[in-house]
**Q** 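I'd like to ask some things about the structure below.
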Amino acid sequence: MIVRNSMIRHGRRAVAAPASQSCLRSLSSSTPRPAAPWQTGPATAVAEPPAELASAPTQTSAHSQSFALAQAAARKAGLAAIPSNHAEYERQRSLTRPLGSRVTSRYHPDQDLVNPPHDVTLEMLMAAQSHMGHHVGQWNPANQRYIYGERAGIHIISLETTAAHLRRAARVVEEVAYHGGLILFVGTRKGQMPAVVRAAELAGGCHLYQKWVPGGITNRDVILANGRLKVVDERDRELPGFEAHLRDCRPVVPDLVVCLNPVENYPLLHECGLAGIPTIGVIDTDADPTWVTYQIPANDDSLRCITLIAGMLGRAGERGQARRLADANDGICTWETPREIATFIRREAKERAREKEAALQEAAEQGLLDDKPLTREQFLSDEELLSEMTDPPIAPNPSSPEA
Amino acid sequence: MGRQFLAARVLQTAEARLTKGGLRIPTIRADVFAPMKNGPETAPAWLKAVAKVAPSETLTRPYPVQHTERRDRKSGRKLHPHRNMFRPTRIVHPEDELRRDFFRDHPWELARPRMLLELDGQDARHRDWSKGLRQPGMALSGECVVQRQLWLMENHGLSKQAAYDVARKEFYHLRHQEEVERRLAVEEARMYGAYFGQDYNRVGMQLEDAAYERWKKWAGEQIAQIDLQRAEAYSSVVDEAEEIEAAVL
């Protein structure tokens, strides 16, 4: 790199191959020439590796010695020039730094998908058009408490109410995720797919952006028969040995349903009511607020508003999942084993014990059992026996993977 | 459909299922949602969360925000017991009247395109109406005039008409500047070899020509029709002199 720089500045001759031996022999008898000006350039810090010069042949030792001296001098001059060069560089920088425009991005259409916010402000909600309700004549009077006023023929939803309800819903999502609940994000309108998928991805839940098949909860044995399930431990690692249970078990139901367009998903919300599943819904001025457990009064016709709300709820779920896994690493499991799985484990253990018993019985009948089975003293060595007797008992480590 | 109450009662239902004898089996879907017979269930994962964060109040109607005094709304009417007292009131701003006046006087300003998309909602932080009509990040429009007028009314104590005159004169000056810049830009572009499409006058004349041609064609058809009718009328008229001659001959 250094050689190329000097070549660009000074031309090929500066890095030309050393002169031939015949030339150098004639040169050696003459007086040593002073170093050429281009060899001791002050502006460039040329640092030649001395190893190349050390390997020069001995016949050219006189010329190479003067060359080496010139190189060393050039190097020293270059190093000495560094502080002044640096000062000049800093001066140029300080002169040119305030020039040009400062480009800041105040809005990007994908910002709520790529980096959803953890909390909203009233300004964000207004910019996302979440205060715009429907026409005055099409309102549901049950929503009167969410409406700030009327303007331009439509109802204006109170943004303070929206923010308060949205934060409450976010707390529910976070707590359900913390307690190991399965959250289903539903948004079946055109354009809501990216928001729904992103929220489910953040919260570790499931998404639905096409039609809810009626009976997905009340008739789930038929509708969801083809779903794949897994059994995990408190750190979300899949556990082996549950294949028999997963073959026979019922499809699961969500623990919380977040619906971004409840007006079009009445069957889903009705099934959730029957099954006793809490729901969160975005309630516009013409929607029925009693269909959901937690209302978020906002504009369900604005994709920007929906994306903002879904993003914030997804972030809340993400926080809940992180807290849950952090507690799992500290040995705290925030949920209980479901009853079916506990029953299965108990039954499996009983079955295993019974099989073992039957095998022993059969072996005893066939005369395969040892009359005199080995005792511990026979197969453990003396040192092991001693350590067993004298060492303190090993306490089970809660952070070990086997625990 | 209509009012649903199952959604609001999920917590009570779940707690009742968990306590022995707490749940009266609902009549609908009793086969699916009956409590399990083989011992106590585990609480659902959402139970602690929902118990901790109670749902908000629904269906009740608080007294709405009164954006205008009741006396200001309908004049010449006695204040009866508050009719429609829960109806949300109309939001009114002082700028509304100013906007109405400005756009009534300058209707073609409504034809100018407007940007409806907001950025981060913090536009108000970058506005300083003491500095004039031009604001960073805002296109020059009637809204600038209205805000400047309001600022002058509130800070300099001018009357509505006086502030309007000051603000709109500034506006005319700036629009005139824009027109001059536009005209000069066209001239410069033409000097450098640009050519433009037809202007509105030329387009209008072409449309008029086309309409005239259509009318000419229609008129020709009408004339032909009238001639035909006239010819038919004459052919059915019997000339008495001719008839007598024919009878005689």
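Order of the sequence lines fixes the chain letters, A, B, ..., with proteins taken first and strands second; residue numbering starts at 1 for each chain.
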**Q** I'd like to know which of A:I147, A:V136, A:D288 tops the heavy-atom pair count under 4.5 Å against chain B.
**A** A:D288
**Q** Using a cut-off of under 4.5 Å for heavy-atom pairs, which of A:Q295, A:M124, A:R168, A:R106 has the most such pairs with chain B?
**A** A:R106
**Q** Is there a donor-acceptor pair under 3.5 Å between the side chain of A:T293 and the backbone N or O of B:A7?
**A** yes
**Q** Against chain B, label A:I156 side chain, backbone, both or neither, depending on which of its atoms sit under 4.5 Å from a heavy atom there.
**A** side chain
**Q** With only heavy atoms counted, which part of B:T13 is less than 4.5 Å from chain A, the side chain, the backbone, both or neither?
**A** neither
**Q** Spell out the residues in residues 100-121 of chain B that have some non-hydrogen atom less than 4.5 Å away from a non-hydrogen atom of chain A, in order of number; otherwise answer 'none'.
**A** B:L117, B:E118, B:L119, B:D120, B:G121
**Q** Give the minimum heavy-atom separation between B:P62 and A:Q144, together with the two atoms involved.
**A** O-NE2, 3.0 Å
**Q** May I ask you to check whether over 12 heavy atoms, not counting those of B:F196, lie within 6.0 Å of atom CZ?
**A** yes
**Q** Is it true that atom CZ of B:R87 has more than 12 heavy atoms of other residues, nucleotides or ligands lying nearer than 6.0 Å?
**A** no
**Q** Contact part of A:N140 toward chain B, heavy-atom cut-off under 4.5 Å: side chain, backbone, both or neither?
**A** side chain
**Q** Under 4.5 Å heavy-atom distance to chain B, tell me which part of A:S105 shows up: side chain, backbone, both or neither.
**A** neither
**Q** Quick one: what part of A:H108 sits under 4.5 Å from any heavy atom of chain B, side chain, backbone, both or neither?
**A** neither
**Q** Is the number of heavy atoms from other residues, nucleotides or ligands within 6.0 Å of CD (B:Q12) greater than 12?
**A** yes
**Q** Side chain, backbone, both or neither: which part of B:A43 has a non-hydrogen atom closer than 4.5 Å to chain A?
**A** backbone
**Q** Taking all atoms of both residues into account, what is the closest heavy-atom pair of A:G149 and B:P88, and its distance?
**A** CA-CB, 4.0 Å
**Q** Within a reach of under 6.0 Å around CE of B:M138, are more than 12 heavy atoms found that belong to other residues, nucleotides or ligands?
**A** yes
**Q** On a heavy-atom basis, which atom in A:R151 and which in B:V92 lie closest, and how many Å separate them?
**A** NH1-CA, 4.3 Å
**Q** Counting only non-hydrogen atoms closer than 4.5 Å, does A:W335 touch chain B with its backbone (N, CA, C, O), its side chain (CB onward), both, or neither?
**A** neither
**Q** So what's closer than 4.5 Å to chain A heavy atoms on B:D123: side chain, backbone, both or neither?
**A** both
**Q** What is the distance from atom CG of A:L269 to atom CG of B:L6, rounded to the nearest 0.5 Å?
**A** 11.5 Å
**Q** How about NE2 on B:H126, more than 12 heavy atoms from neighbouring residues, nucleotides or ligands closer than 6.0 Å, or not?
**A** yes
**Q** In a table with atom names and distances, give each donor-acceptor pair under 3.5 Å that connects a side chain of residues 171-178 of chain A to protein atoms at least two apart or in another chain.
**A**
residue, atom, partner, partner atom, Å
A:E174, OE1, A:R319, NE, 3.3
A:E174, OE1, A:R319, NH2, 3.4
A:E174, OE2, A:R323, NH1, 2.9
A:E175, OE1, B:K52, NZ, 3.2
A:Y178, OH, A:D327, OD2, 2.4

**Q** Work out which heavy atom in A:Y148 is nearest to a heavy atom in B:I91; give both atom names and the distance.
**A** CD2-CD1, 3.6 Å
**Q** Quick one, A:T290 with B:L59, criterion side chain to side chain contact (heavy atoms under 4.5 Å, CB included). Give me CA distance, side-chain angles, the key distance, then yes/no.
**A** CA-CA 8 Å; A:T290 58; B:L59 296 178; 3.7 Å; yes
**Q** Working to the nearest 0.5 angstrom, can you tell me the gap between A:L182 CG and B:W46 CH2?
**A** 14.5 Å
**Q** For a quick test of reading the model, state the closest non-hydrogen atom pair linking A:H179 to B:A49 and the distance between them.
**A** CD2-N, 4.3 Å
**Q** Is the OH atom of B:Y200 crowded by more than 12 outside heavy atoms at less than 6.0 Å?
**A** no
**Q** If you compare all heavy atoms of B:E57 against all heavy atoms of A:Y146, which two are closest, and at what distance to 0.1 Å?
**A** O-OH, 4.3 Å
**Q** Please step through side chain to side chain contact (heavy atoms under 4.5 Å, CB included) for the pair A:R145 and B:R61, ending with a clear verdict.
**A** CA-CA 5 Å; A:R145 58 184 301 109; B:R61 296 180 298 172; over 6 Å; no
